[in-house]
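Computation of the quantities below employed the complete heavy-atom set of this structure, encompassing side-chain atoms and omitting hydrogens, waters and symmetry-equivalent molecules. None of these values were measured; they are calculated from a predicted model. The first residue of the sequence shown is numbered 1, and numbering continues consecutively from there.
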Amino acid sequence: MVSIPTDNQKRLTYSNKGHGSSARGGKIVLAHLSDPHITGVGSVRKKDLLNKRLIGCLWWKLLRNTRFREDMLPILRKSLKAHEPDHIIVTGDLVHLGLPAEFKKARAWLETLGLPEQVTIVPGNHDAYVRSDWNQTFACWMDYMVSDPPFRQRDFKCGFNGLYPTLRVRDRIALIGVCSAGPNAPYLATGTLGELQLKKLAAVLEKTAAEGFFRILLIHHPPLDGIVSRRRQLTDAHSLCRVVDQCGVELILHGHVHEDVDTMMNTRSGAIPVLGASSVISSSSVHKRRARYYIHTITNTENVWNIHIARHVYCPDTQRYIPERQHCFQLEDRRIRCFRVSANRTF
């Protein structure tokens, strides 16, 4: 379970040193992207398809290979670099079929984004598509998933149960990752957190709130009903909402939906923004499903948090990511004080 250091340890733990953060004068810039679905379908073996992967492989060849374009990843990297984010967040479905070769390919892609201290990932249902050998799959990404050393469970060996929730602190931002991923029956893409993980999450949220952190919850599946169908939902979303209602959180980021999601979770302490990212390499003709990434600029002055969220959408005509809508909101005493939206849709 994640633990918060004692008072004597805090001065070292919460400094920027050694944690990959380069917050600039009370400002930190975070990039959020999701669902690249990096694939190894081209080299798949027959024995790899003696399970649910057969359906996923056929679905990819019939439809998804024309909508998800890996050749957009270098364009994405170049676009991200222009913003110089202090940290990058990837909310799951890095791979498509959960093949060991895909995990290695995704690892190489993660290394182009930054060091493990500069990039945080949480797994998605496609990453855990079928039961597989941990050492050949998720172990490849371990240093991009684990908590910062001061918060890490010392006896952790392998598997999600001992790993999540995770905690990474960047300046005064607490990045709290949970795992909703797990193998499903064919045609299902549900997610579950489970009672134990929810209990641990409540403890992390309470302790990070006591420290005055701006808490961002990272999850693959959307935490609210009505965003996706039942076969793709978070099965214990109501339980998660109860934990958030009791303990609070300042922002929730997710993936999975493959379209731009902008909604609120109503809690006893006020409304919490819940923002979902579309696939970062989608070439869909439907605008809300087109590839996007998100730049969150967070500043803190006199206990007031100012959050600016800029969406960047892929433009097929120019083959680059261009600015789109922007959101600004302000939090004071953990409540949204003002909210503003501006649009910059150019195509």
Parallel under 30°, tilted from 30 to 60°, perpendicular over 60°: which one fits the rings of H96 and H126?
parallel
With D260, which of R289, R290, R325, H287 fulfils side chain to side chain donor-acceptor pair (under 3.5 Å)?
R325
What class does the angle between the rings of H37 and F68 fall in, given that below 30° is parallel, 30 to 60° is tilted and above 60° is perpendicular?
tilted
Which atoms form the tightest heavy-atom contact between T263 and L224, and what is the distance?
CG2-CD1, 3.7 Å
Please determine, by modelled atom types, if H238 and D225 share a side-chain donor-acceptor pair under 3.5 angstrom.
yes
Test of understanding: with side chain to side chain contact (heavy atoms under 4.5 Å, CB included), list the residues that count as partners of S278, not counting sequence neighbours.
R292, Y294
What I want to check is whether the side chains of R232 and S229 have a donor and an acceptor closer together than 3.5 Å.
no
Any side-chain donor paired with an acceptor under 3.5 Å for T120 and R168?
yes
Under a plain distance cut-off of 3.5 Å, with no hydrogens placed, do S79 and Y293 share a side-chain donor-acceptor pair?
yes
Quick one about T235 and T192 (side-chain donor to acceptor, distance below 3.5 Å, no hydrogens or angles considered), yes or no?
yes
Given the side-chain rings of W134 and F160, with only the six-membered ring counted for Trp, is the space between their centroids under 6.0 Å?
yes
If only side-chain N and O atoms count, and only distance matters, is there a donor-acceptor pair under 3.5 Å linking H256 with D93?
no
What's the shortest heavy-atom distance between C140 and K104, and which atoms?
SG-CG, 4.4 Å
Answer with yes or no whether the side chains of S282 and S284 bring together a donor and an acceptor at under 3.5 Å.
no
Checking side-chain polar atoms at under 3.5 Å, does Q326 have a donor or acceptor matched by the opposite partner on H308?
yes
Please work out which of the three classes, parallel, tilted or perpendicular, describes the rings of H32 and H296, given edges at 30° and 60°.
tilted
Distance only, no hydrogens: is a donor on one side chain within 3.5 Å (strictly under) of an acceptor on the other, for S147 and T166?
no
Ring centres under 6.0 angstrom apart (W141, F138)
yes
